[in-house]
Structure formats: structure tokens, C-alpha cells
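Below is one structure, written out as C-alpha cells, with a few remarks after it.
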Amino acid sequence: MDLMPEVLADQRVRQPFAQLMKLNAIVLGLALERLDGDDCAQRRVRIAETALTTLHGASQMADAAPGFAEPFDIVAACAALADLDLGDRWDAPHLPFVPRARPAGEPWSPPPAVDALRGEPAPLTGDGVVAVLGLHRLGAVEEAVRAAPPGGEVTAVLVTGDPGELGPLARLTLAGLRACLRQALPAPAWPRLRVVHDDEGAVAAAAGVTAVSDGTEAAVRVRSGRVVARADGYGACHAAASAEP
């Protein structure tokens, strides 16, 4: 109830909050795609964005004008979104121009981490992609998810240049999403994406990112306990995920 006034009152918070909501929509959209089944190639992130917008608006209206909105009408409206065709597809125009990831061969020794989505330990030693993203670049994690090989793990490591102010915002936003996912989705439908809070930059340092900010975008490809490719800058998630080890 008090979060939105805080966001509106501080210009510095709006962009991180927008990207946190984008991350929420990506997670929810990926889960909806898994519910559709492996044979369905339709992207569901825009449906998820619309559902979250509807629910957040209904929540704000319920706070400001109790009794105005009929809860079951909101439920019906969200249910109708499942059949709404928004022409959603994954065709990010910049991906063909992203530089290739750089080959690497360093050992990979990440510190212990916790998956903020599932609330459980997240060992980062498996094969896959680890993306270090500042709170202004969270939407880029979808590039890693879409380009990662089947079965590969994808982990978004959240960093910020202002952990005292923006770290709690990220934790609150992800905790709210986790609570909703647990009520709404069966475990098999949860996406393979994991999210790790890294306020101290320990995971980022293990990935070779020694200085972080809200604009950080870097990624490494891990295989057999070693970093086999790395990339940084715009498009780094796609470059690392699509690299041939």
C-alpha cells in the first residue's frame, strides 16, 4: 500500500522499479509458456505484462476506493487474457548485431547463493549462463533464456550501485512475485530462470565483474566447472548464451 507513493516520490527509483516489473513479467510469461506445453512457441511475456498491469491497478484502486471494483470481475478479466492475441513474438532487432562472446578458460568457483524466486539454495556450478545485471538492465535476461541451449541453467544475478536503497526494493518486489507464483502455478511450470540478489558483488566478482552499477550488463557461459565464454555490454546475455563452447 505504501510502495507506489514511495516510487512516485523518488525519480531514482522509477527506472529500477520498471525493470523489476519487467523481470516479473518475464518470469510469469515464461511460466505461462510452460503451461502451454512444449509444442507451443507463442511468447507470453506481453500477456504477463498486461495481467500484472491489471492486477496492480486493481490493487491500487482497492486501496484508494474500497468496494469499487468487483474482485471476481478482475479474475474474469485476467482469465480472458489467456485467449488474447497480442502478436507477441521474440524478435529483438539488435541481436544480429551483438558482438560474439570472447572465449575463456578460467575455473568457475562461485560463492553460495540463494534463488530469490524459490527461496532455496541455488548452486551455480551447473552448465549454463550466469548474467550479472544492474537494476537498469534486468529485461536483458530474456536474451539469455531464449538463446540458452536446452537443459542449460540461466541465472540472473542482480547488482546495484545503491544496495542500501535499491537492494530492499528488489528483494520486496521479488518476494511479492514469489508469493504469487506459489499460489498460482504448479512446480513443473516454474521457469528454469533463477534470480540471485548480489548486494555485496560476490557472485559478480567470481564472474570477473569487479565494479558494478545499475547499468551493468555482463554474462559468462559455464561448462564443466569452467568459464568458457564471457561477454559484457549491450547484448552480453545473448552473446554468452549463444556462444559455442
Side-chain angles (χ1 to χ4, degrees), residues 1-92 115-120 135-136 138-142 145-146 154 156 158 166 168-195 197:
M1 186 173 181
D2 298 325
L3 176 59
M4 293 308 295
E6 291 285 345
V7 172
L8 292 172
D10 192 340
Q11 184 67 35
R12 300 173 304 160
V13 178
R14 295 185 188 180
Q15 186 173 355
F17 184 69
Q19 284 292 296
L20 286 164
M21 292 305 301
K22 181 68 173 179
L23 177 60
N24 284 5
I26 291 171
V27 172
L28 179 57
L30 293 172
L32 294 176
E33 292 170 23
R34 290 174 69 91
L35 283 175
D36 284 340
D38 295 336
D39 295 334
C40 180
Q42 184 176 1
R43 183 174 181 258
R44 292 284 189 174
V45 174
R46 290 179 63 184
I47 290 288
E49 290 173 348
T50 305
L52 291 174
T53 300
T54 301
L55 293 171
H56 275 269
S59 176
Q60 292 299 305
M61 184 61 75
D63 290 337
F68 171 76
E70 170 57 54
F72 289 101
D73 291 345
I74 304 300
V75 172
C78 289
L81 292 176
D83 299 320
L84 185 62
D85 184 5
L86 296 177
D88 196 1
R89 62 187 183 275
W90 178 245
D91 59 351
D115 182 2
L117 290 180
R118 295 165 179 82
E120 60 186 28
L135 296 188
H136 291 178
L138 300 183
V141 73
E142 188 174 2
V145 174
R146 302 296 181 187
V154 179
L158 275 54
L166 298 180
L169 175 67
R171 292 178 184 277
L172 176 63
T173 305
L174 268 296
L177 176 65
R178 180 175 69 239
C180 293
L181 291 180
R182 285 177 172 172
Q183 297 180 60
L185 294 169
W190 284 50
R192 57 177 172 164
L193 174 64
R194 300 182 300 189
V195 180
H197 296 292

Does Val45 reach the side chain of Glu142, with side-chain heavy atoms less than 4.5 Å apart?
yes
Would you say His136 and Pro16 make side-chain contact, with heavy atoms under 4.5 Å?
yes
Sequence-distant partners of Arg171, side chain to side chain donor-acceptor pair (under 3.5 Å), two or more places apart
Asp199
Could you state the interatomic distance from SG (Cys180) to CG (Leu55), rounded to the nearest 0.5 Å?
8.0 Å
Any side-chain heavy atom of Val145 within less than 4.5 Å of one from Pro191?
no
Is there a side-chain contact between Leu158 and His197 in this structure, where contact means two heavy atoms from C-beta onward sitting under 4.5 Å apart?
yes
Does the Asp115 side chain pair with the main chain of Arg194, one donor and one acceptor, at a distance under 3.5 Å?
no
Electrostatic pair Glu33:Arg192 at N-O distance under 4.0 angstrom
no
Identify the heavy atoms of Trp190 and Leu117 that sit nearest to each other, and give their distance.
CZ3-O, 3.3 Å
Taking the side chain from Glu49 and the backbone from Ala25, do they hold a donor-acceptor pair closer than 3.5 Å?
no
Using modelled atom types only, decide if a donor and an acceptor are shared between the side chain of Arg178 and the backbone of Ala116 within a distance under 3.5 Å.
yes
Leu177 side chain reached by Thr173 side chain, heavy atoms, under 4.5 Å:
no
Leu81: side-chain contact (heavy atoms from CB on, under 4.5 Å) partners, not counting sequence neighbours
Ile47, Thr50, Ala51, Leu84
Arg89 (side chain) donor-acceptor with Gln42 (main chain) under 3.5 angstrom
no
Is Asp36 salt-bridged to Arg44, cutoff N-O under 4.0 Å?
yes
Any heavy-atom pair between the side chains of Arg12 and Phe17 that's under 4.5 Å?
no
Could you state the interatomic distance from CG (Leu28) to CG (Leu23), rounded to the nearest 0.5 Å?
11.0 Å
So which atom in Arg43 and which in Asp88 form the shortest heavy-atom distance, rounded to 0.1 Å?
NH1-OD1, 2.6 Å
Qualifying salt bridge (Lys or Arg N to Asp or Glu O under 4.0 Å) pairs with a residue from residues 70-81, counting only residues at least two apart or across chains
none
Please check this pair: side chain of Arg46 against backbone of Leu86, looking for a donor-acceptor N/O pair closer than 3.5 Å.
yes
SG-CG distance between Cys78 and Leu52, expressed to the nearest 0.5 angstrom:
9.0 Å
